[in-house]
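Numbering of residues begins at 1 and proceeds along the displayed sequence. Quick caveat: nothing in here was measured; it's all calculated off a predicted structure.
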Amino acid sequence: MIKFLDLKKINGRYEEEFKQGLSRFLDSGRYILGGQVARFEKSFASFCGVNHCIGVANGLDALILILKAYVELGKLNKGDEVIVPANTFIATILAVEQCGLKPIFVEPDPRAYNITIANIAKEITSKTKAILVVHLYGQLADMAGISELAKSHELLLIEDAAQAHGAKNESGFKSGNLGDVAGFSFYPSKNLGALGDGGAITTNDEDLAMVIRKLHNYGTSSKFVND
């Protein structure tokens with residue numbers, strides 16, 4: 001029998017590197033948000049071509065923290081509508097609802113399964129405040145066109161890039177750098193999978209990054225100071 005996805009085999013070639021990395025991690029004595037996380041954040045930000053990367057627990061937390069940060073900044077308010085693909089994974093919807101926002105489902109292109117400009121445009125109302133694009137199966141949605149549409153209606157443009165690590169558009173820009181902000185998952189079966197769960201947020205928006213960094217650690221701006 002051939003396994004559909006043999007993660008043990010895929011990761012086996014890196015076993016010695018993993019053991020060395022784990023040894024360094026244990027020796028550091030820093031088990032939460034330590035130097036290895038900071039190095040990964042810097043490396044992944046560079047890989048995506050953005051200024052900021054914040055490591056988080058998983059892809060769901062990435063989306064929740066993005067939306068919560070926008071609420072804190074006053075760019076989203078409870079009850080605002082967020083356009084999402086109707087065929088997305090439940091986590092995308094849970095993030096929207098947990099932040100007191102309303103998901104508006106839009107049908108995707110039946111050939112590529114990604115959300116389309118025409119279908120998004122049909123659902124935009126005065127209550128619409130954001131478009132949450134989900135790249136699917138490593139394929140990018142038409143971000144150039146969607147970005148133009150978002151700007152024309154003054155909407156936030158958020159990428160759910162959980163299945164699109166490293167995917168590039170025709171201009172060479174990668175997922176994570178095609179909207180205002182992006183959420184990634186490193187669930188073991190993803191394009192870039194961890195040995196366990198994990199996630200990240202990428203953005204060029206310095207104010208947004210600052211708020212997200214605070215929110216992902218109890219509102220902390222410095223030790224024992226919780227804004």
Quiz item: Members other than Phe184 in its cluster, when Ile, Leu, Val, Met, Phe, Trp, Tyr link by side-chain heavy atoms under 4.5 Å?
Solution: Phe40, Phe44, Phe47, Phe186, Leu192
Self-check item: Cluster companions of Tyr113 among Ile, Leu, Val, Met, Phe, Trp, Tyr (side-chain spacing under 4.5 Å)
Solution: Leu136, Tyr137
[X] side, atom [atom1]; [Y] side, atom [atom2] - distance, nearest 0.5 Å:
{"X": "Cys48", "Y": "Lys174", "atom1": "SG", "atom2": "NZ", "value": "7.0 Å"}
{"X": "Ser221", "Y": "Asp227", "atom1": "OG", "atom2": "CG", "value": "3.5 Å"}
{"X": "Leu60", "Y": "Ile93", "atom1": "CG", "atom2": "CD1", "value": "11.5 Å"}
{"X": "His52", "Y": "Lys42", "atom1": "NE2", "atom2": "NZ", "value": "13.5 Å"}
{"X": "Ile120", "Y": "His153", "atom1": "CD1", "atom2": "NE2", "value": "10.0 Å"}
{"X": "Asn226", "Y": "Asn217", "atom1": "CG", "atom2": "CG", "value": "8.0 Å"}

Would you confirm whether [X], through its side chain, and [Y], through its main-chain N or O, come within 3.5 Å as a donor-acceptor pair?
{"X": "Asn204", "Y": "Asn51", "answer": "yes"}
{"X": "Asn58", "Y": "Gly199", "answer": "no"}
{"X": "Ser171", "Y": "Phe173", "answer": "no"}
{"X": "Asp160", "Y": "Ala162", "answer": "yes"}

Quiz item: When you look at CZ of Phe25, are more than 12 heavy atoms from neighbouring residues, nucleotides or ligands closer to it than 6.0 Å?
Solution: yes
Quiz prompt | Over 12 non-hydrogen atoms of neighbours within 6.0 angstrom of CD in Gln139 | solution = yes
Quick check on the hydrophobic clustering: are [X] and [Y] connected, directly or via other members, by side-chain heavy-atom contacts under 4.5 Å?
{"X": "Ile115", "Y": "Val134", "value": "no"}
{"X": "Ile158", "Y": "Ile124", "value": "no"}
{"X": "Leu22", "Y": "Phe18", "value": "no"}
{"X": "Val181", "Y": "Leu132", "value": "yes"}
{"X": "Leu33", "Y": "Ile201", "value": "no"}

May I ask you to test the [X]-[Y] pair for a side-chain heavy-atom distance under 4.5 Å?
{"X": "Leu149", "Y": "Leu155", "value": "no"}
{"X": "Thr128", "Y": "Ile104", "value": "no"}
{"X": "Ile146", "Y": "Val133", "value": "yes"}

Using every non-hydrogen atom in the two residues, find where [X] and [Y] come nearest and quote the distance to one decimal.
{"X": "Gly49", "Y": "Asn177", "answer": "O-ND2, 3.2 Å"}
{"X": "Arg13", "Y": "Ile10", "answer": "NE-O, 3.2 Å"}
{"X": "Ala209", "Y": "Thr203", "answer": "CB-CG2, 3.9 Å"}
{"X": "Asn119", "Y": "Pro108", "answer": "ND2-O, 4.3 Å"}
{"X": "Ala200", "Y": "Val56", "answer": "N-CG2, 3.6 Å"}
{"X": "Lys9", "Y": "Asp6", "answer": "N-OD1, 3.1 Å"}

Quiz item: Is there a donor-acceptor contact under 3.5 Å linking the side chains of Asp109 and Thr116?
Solution: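 No, no side-chain donor-acceptor contact under 3.5 Å.
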Practice problem: Consider only side-chain N and O atoms of His135 and Glu159, and report whether a donor and an acceptor are under 3.5 Å apart. | Solution: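 There is such a pair between these side chains.
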Self-check item: Steps toward side-chain contact (heavy atoms from CB on, under 4.5 Å) verdict (His216, Ile54)
Solution: CA-CA 9 Å; His216 96 313; Ile54 303 101; 3.7 Å; yes
Check side-chain contact (heavy atoms from CB on, under 4.5 Å) between [X] and all other residues, then give those that pass, not counting sequence neighbours.
{"X": "Ser189", "answer": "Leu5, Tyr187"}
{"X": "Lys19", "answer": "Glu15, Glu16"}
{"X": "Ile32", "answer": "none"}

Give the table of side-chain donor-acceptor pairs shorter than 3.5 Å for residues 61-85, with sequence neighbours excluded, one pair per line with atom names and distance.
unit_1 : atom_1 : unit_2 : atom_2 : d
Asp80  : OD2    : Asn77  : N      : 2.7
Glu81  : OE1    : Thr125 : OG1    : 3.1

Practice problem: Might you work through the side-chain contact (heavy atoms from CB on, under 4.5 Å) test for Ser175 and Leu140, ending with a clear yes or no? | Solution: CA-CA 8 Å; Ser175 61; Leu140 296 174; 3.9 Å; yes
Quiz item: Under the side chain to side chain donor-acceptor pair (under 3.5 Å) criterion, do Asn114 and Asp142 qualify, and how do the steps go?
Solution: CA-CA 8 Å; Asn114 276 324; Asp142 179 4; over 6 Å; no
Exercise. Determine, step by step, whether Glu41 and Arg213 satisfy the salt bridge (Lys or Arg N to Asp or Glu O under 4.0 Å) criterion, reporting the C-alpha distance in whole Å, the side-chain angles of both residues, the deciding distance to 0.1 Å, and the verdict.
Key: CA-CA 12 Å; Glu41 289 175 336; Arg213 281 206 179 275; 3.2 Å; yes
